[in-house]
Amino acid sequence: MSSALQMTAFGLALLSTLFLLLATCTDCWMVNADDSLEVSHKCRGLWRECVTNMQDGVRTCDQYDSILADHPVKIVVTRTLLITADLLAGLALVTLLLGLDCIKFLKEEPRVKLKMCYGAGVILGAGSILGLVGSVWYAVDVYVERVMLVSHNIFLGVHYDFGWSCWLGMGGSAGCFVASVLLTCCLY
């Protein structure tokens, strides 16, 4: 039972960490959500903004000036939280991998391996909370920006909605949290 639970938690943690890494690196956190006929598809990310021409498929991206430049708070906070969540999830995966029963590392010390799995669960839980806070922070800020424009009857031609990178960040964080619960609560 313990080995199956460990392998399930490891598989979920691995997939969720990949989702978090993809969310951090990709550039579609906000996507244009116009109801009119569009000739281009616009995405804004944490690192750059891209426009894809729908007729010929040509994609152009503008990198943000510098990571040290003045950026909106939502970008800076989300970057920081997601990079920290990625690092914690990676550390948790390595710790969990070494603590699995099927790995020969410390085979004579089952209590140490169990503590490693528990520690990986705690680290994974901390990373999942940071990733979830970062993703939800960004999503709430996009929503508030949209509501403010609508409430003041301001139409700039383009309004944005949540992109697939935002959903990947939320899904990866939720998966890491479930893996953390499996490792910390169910393993004992």
Side-chain angles (χ1 to χ4, degrees), residues 8-34 38 40-54 56-98 119-146 158-183:
T8 302
F10 179 75
L12 184 60
L14 180 65
L15 182 66
S16 300
T17 301
L18 289 175
F19 280 2
L20 271 175
L21 286 169
L22 278 172
T24 305
C25 298
T26 54
D27 56 2
C28 203
W29 280 76
M30 290 172 50
V31 64
N32 64 328
D34 272 345
E38 284 291 321
S40 63
H41 178 75
K42 299 172 187 91
C43 281
R44 287 186 185 170
L46 302 177
W47 311 103
R48 62 188 176 171
E49 184 173 343
C50 294
V51 178
T52 305
N53 188 327
M54 300 304 275
D56 57 8
V58 174
R59 182 177 186 192
T60 57
C61 294
D62 292 328
Q63 299 283 340
Y64 295 145
D65 294 336
S66 165
I67 61 170
L68 300 175
D70 290 334
H71 294 295
V73 174
K74 71 179 171 188
I75 289 179
V76 174
V77 169
T78 305
R79 279 181 184 175
T80 304
L81 290 172
L82 281 172
I83 289 172
T84 307
D86 293 341
L87 292 172
L88 287 174
L91 175 65
L93 273 178
V94 171
T95 306
L96 178 58
L97 182 65
L98 294 175
V122 171
I123 295 169
L124 200 59
S128 70
I129 290 171
L130 292 176
L132 197 57
V133 167
S135 300
V136 170
W137 167 282
Y138 196 93
V140 166
D141 198 59
V142 169
Y143 179 76
V144 167
E145 180 182 325
R146 184 175 176 184
V158 174
H159 64 276
Y160 288 90
D161 207 356
F162 314 132
W164 58 271
S165 297
C166 188
W167 293 111
L168 263 181
M170 287 184 210
S173 298
C176 284
F177 186 76
V178 170
S180 170
V181 168
L182 286 175
L183 290 169

Under the disulfide (SG to SG under 2.5 Å) test, which residues partner C25, sequence neighbours left out?
none
Of all heavy-atom pairs linking S165 and T26, the shortest is OG-OG1, 2.5 Å
May I ask you to test the L46-L82 pair for a side-chain heavy-atom distance under 4.5 Å?
yes
Take C28 and C50, measure what disulfide bond (SG atoms under 2.5 Å apart) needs, and give me the verdict at the end.
CA-CA 8 Å; C28 203; C50 294; over 6 Å; no
Applying ring pair (Phe, Tyr, Trp, His ring centres under 6.0 Å) as the test, list every pair that has at least one member in residues 122-141; sequence neighbours left out.
W29-Y138
Taking every heavy atom of G163 against every heavy atom of V31, the minimum-distance pair comes out as CA-CG1, 4.1 Å
Is L14 close to L93 at the side-chain level, that is, under 4.5 Å between some pair of heavy atoms?
yes
Contacts of L97 meeting side-chain contact (heavy atoms from CB on, under 4.5 Å) (sequence neighbours excluded), chain-then-number -> F10, L100, I103
Scanning both residues in full, the closest heavy-atom pair of S16 with G172 reads CB-O, 3.2 Å
Can you name the nearest heavy-atom pair linking A120 to L183, along with the distance?
C-CD1, 4.4 Å
Check: residues 175-182 side-chain donor-acceptor pairs under 3.5 Å, at least two apart:
residue : atom : partner : partner atom : Å
S180    : OG   : G121    : O            : 2.6
S180    : OG   : G125    : N            : 3.4

Which atom of C166 lies closest to which atom of S135, heavy atoms considered
SG-O, 3.8 Å
Could you work out, with side-chain contact (heavy atoms from CB on, under 4.5 Å) as the rule, every residue matching I83, not counting sequence neighbours?
T24, W47, L87
The criterion is salt bridge (charged side-chain N to carboxylate O under 4.0 Å, His left out); which residues satisfy it with D27, sequence neighbours excluded?
R48, R59
How close do A85 and G127 get, counting heavy atoms only, and between which atoms?
CB-O, 3.2 Å
When rounded to the nearest 0.5 angstrom, what is the spacing between NZ in K42 and CE in M30?
11.5 Å
Rounding to 0.5 Å, atoms OG1 (T80) and CG (L130) come to a distance of 10.5 Å
Candidate pair R79 and K74, rule side chain to side chain contact (heavy atoms under 4.5 Å, CB included), full reasoning
CA-CA 8 Å; R79 279 181 184 175; K74 71 179 171 188; over 6 Å; no
Any side-chain heavy-atom pair of L132 and I129 under 4.5 Å
no
In the structure I gave you, are the side-chain heavy atoms of T17 and D86 within less than 4.5 Å of one another anywhere?
no
